[in-house]
Amino acid sequence: MSIRVRFAPSPTGFLHIGGARTALFNWLYARHVGGHLILRIEDTDTARNTQAAVDVILHGLRWLGVNWDEGPLTSDATGPYKGDRGPYYQSQRQENYRLRVEALLARDMAYEHEGAVRFRMPREPIVVPDLIVGEVRRELTDREARDPDFVIVRSDGQPVFHLVNVIDDLEMGITHVIRGEDHLSNTPKHIALFRAFGVAPPVYAHIPLILNPDGSKMSKRDQGASLSTYLEEGYTPEAVVNYLCLLGWSPKDNREILPVREIIDRFDLSQILRHNARFDMAKLQWMNAEYMRAMNPDRFYELCVHALAKAGIDTNRFPLSYVKAALDTCHGKLKTFAELGGYAGFYFTDEISWDTEAAAKGFTAEGRDRLRRLRNAFGALPEFTALHLEACLKNLAGQLGVKVGALVHPARLACTGKTVGPSLYHLLEVLGRDKVFERVDRALAWNG
RNA sequence: GACCCUAUCGUCUAGUGGUUAGGACACCACCCUUUCACGGUGGCGGCCGGGGUUCGAAUCCCCGUAGGGUCGCCA
């Protein structure tokens, strides 16, 4: 029988990074075993469900490359879907739930109480066999010992999570439930429900959670908790996927950068660690830089243009060859695309401005004297190319008996307004003689 | 409060009775270098505590402690 796993998010308006990893692990497992990934939207809480909230999920998963074999194609609950076990929105499956509850009621496995329907929970402890955690025997808590039964249909007629989750898993033929460990304590309820419906429960695999850097629970408002953060701040999906995979799973061969194809080959549920992991933004950034560096120039260029547009810089105002040459000097220098605007913005502006403090430091009388000499030397150059510019600058430094840095720093500041940036010689060549001289002249005329 | 899970450098991890406890990120120093990065070399830094079992425990058991989760007419 084919393995069927599912990701069943509730549309809350954002996709938690932990949820993204759960989706990813489900996907990895499905692809590893050649099974199916089902996407099901748990939109039973009608109050906070909107199409926009579903779009956040669909968009996030697609960005990561987590594709599903069955599930909705759009954020419209009544819209098209693929798969023969639909609909895949719980709001469209109410009749199934009603029928199932009636069956439980008829067999006295559930009963009405104050308008709600309660399930008769077995009084004996239930053992949860878990692929990751092992066998978990859960005793009743003191509160449950007083009243083990639980509500499966609210008095307003709405079925609750435990019920619909189980019914859908059952009817969709889910064989493996891979979900966050926060569900582990609730699993006995689900197992009892499966048994009440006369079927064997699926195989469970509860994956550990992602915590904040300080070890506290990562909730909505915490820094980096939302997948959209990475999407918006210029991370590449490959890096995010790679990083997420290394939280709770390891290739065990000391490698960090692994193409997803290889992760699929080597991934298995039984090797997932049992303890929670803390989110380390610094490592993600490092990994993202690795992916950016290794990226082919065309894709780098494309993502750069997108990032610049988001930063309010319209590259269409400039010749294509100029934009490409400019961005080429940035390749391999950035950790995220979000840094690009600040790093390369000087290429795409007519008027650069200097920070007063930086200018006061760089454009001293001595600095300006050197800049003037550099301008003259550059002016005599037959070709305004990186090669010539470098030779020229170094030659002048030799004549003046100063370190090359003494010329490089004021020149960089004059032409870019920054103290850090791409290779000076290359950026000068890209900027071109006219712009360089114009900016140097303005710098020479600078007075606090 | 009860129940469940977990515990190796600051962080992510390798390790399944005998290792100088390995790697990566971060951090520090030096080298390279036009800045910043990259790269290179080196360094700092860990088995939560206490009892067992064993010739021998990071590894197995128990007890603490700490962190996380759950106990809803939320999902």
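All figures in this text were calculated on a predicted structure; none of them were measured in a lab. Quick note on labels: first sequence line is chain A, next is B, and so on, each numbered from 1.
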(request) Rounded to whole angstrom, note down the P distance from B/rG45 over to B/rC38. (result)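 One P to the other, the span is 24 Å.
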(request) Please list, by residue number, the residues of residues 150-157 of chain A whose heavy atoms come closer than 4.0 Å to an atom of RNA chain B; answer none if no residue qualifies. (result)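 Close to the strand are A/V151, A/R154, A/S155.
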(message) Please give me every residue in residues 358-394 of chain A whose heavy atoms get under 4.0 Å of an atom in RNA chain B, ordered by residue number.
(response) A/K394
Measure the distance from [atom1] on [X] to [atom2] on [N] and round it to the nearest whole Å.
{"X": "A/I257", "N": "B/rA24", "atom1": "CD1", "atom2": "C1'", "result": "9 Å"}
{"X": "A/R123", "N": "B/rC71", "atom1": "CZ", "atom2": "C1'", "result": "15 Å"}
{"X": "A/R146", "N": "B/rG1", "atom1": "CZ", "atom2": "P", "result": "14 Å"}

Between the protein and nucleotides 2-6 of chain B, are there any N/O to N/O pairs under 3.5 Å, and if so, what are the atom names and distances?
| from | atom 1 | to | atom 2 | distance (Å) |
| --- | --- | --- | --- | --- |
| B/rA2 | O4' | A/D142 | OD2 | 3.1 |
| B/rA2 | O2' | A/D142 | N | 3.0 |
| B/rC3 | O2' | A/E139 | O | 3.0 |
| B/rC5 | O2' | A/E181 | OE2 | 3.1 |
| B/rU6 | OP1 | A/R274 | NE | 2.7 |
| B/rU6 | OP1 | A/R274 | NH2 | 2.5 |

(request) Please list all pairs passing the side-chain hydrogen bond (donor to acceptor under 3.5 Å, both in side chains) test where one or both residues lie in residues 110-133 of chain A, with sequence neighbours left out. (result) A/D108-A/R120, A/Y111-A/R118, A/Y111-A/D149, A/R118-A/D147, A/R123-A/D149, A/D130-A/H206
(request) Could you list all the side-chain hydrogen bond (donor to acceptor under 3.5 Å, both in side chains) pairs where at least one residue sits in residues 385-404 of chain A, not counting sequence neighbours? (result) A/T385-A/H388, A/E390-A/K394
(request) Given side-chain contact (heavy atoms from CB on, under 4.5 Å), test A/L247 with A/R21 step by step and report yes or no. (result) CA-CA 9 Å; A/L247 249 33; A/R21 188 182 60 150; 3.9 Å; yes
(message) Strictly below 4.0 Å: does A/K252 bring a side-chain N or O up to OP1 or OP2 of B/rA14?
(response)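 Indeed, a polar side-chain atom of A/K252 lies that close.
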(message) Side chain of A/S216 only, heavy atoms from C-beta on: which candidate in B/rG68, B/rG23, B/rA75 is closest?
(response)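 Out of B/rG68, B/rG23, B/rA75, the nucleotide with an atom closest to A/S216's side chain is B/rG68.
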(request) Under the ring-ring contact (aromatic ring centres under 6.0 Å, His included) rule, collect the residues that match up with A/Y230, sequence neighbours excluded. (result) A/Y235, A/F279
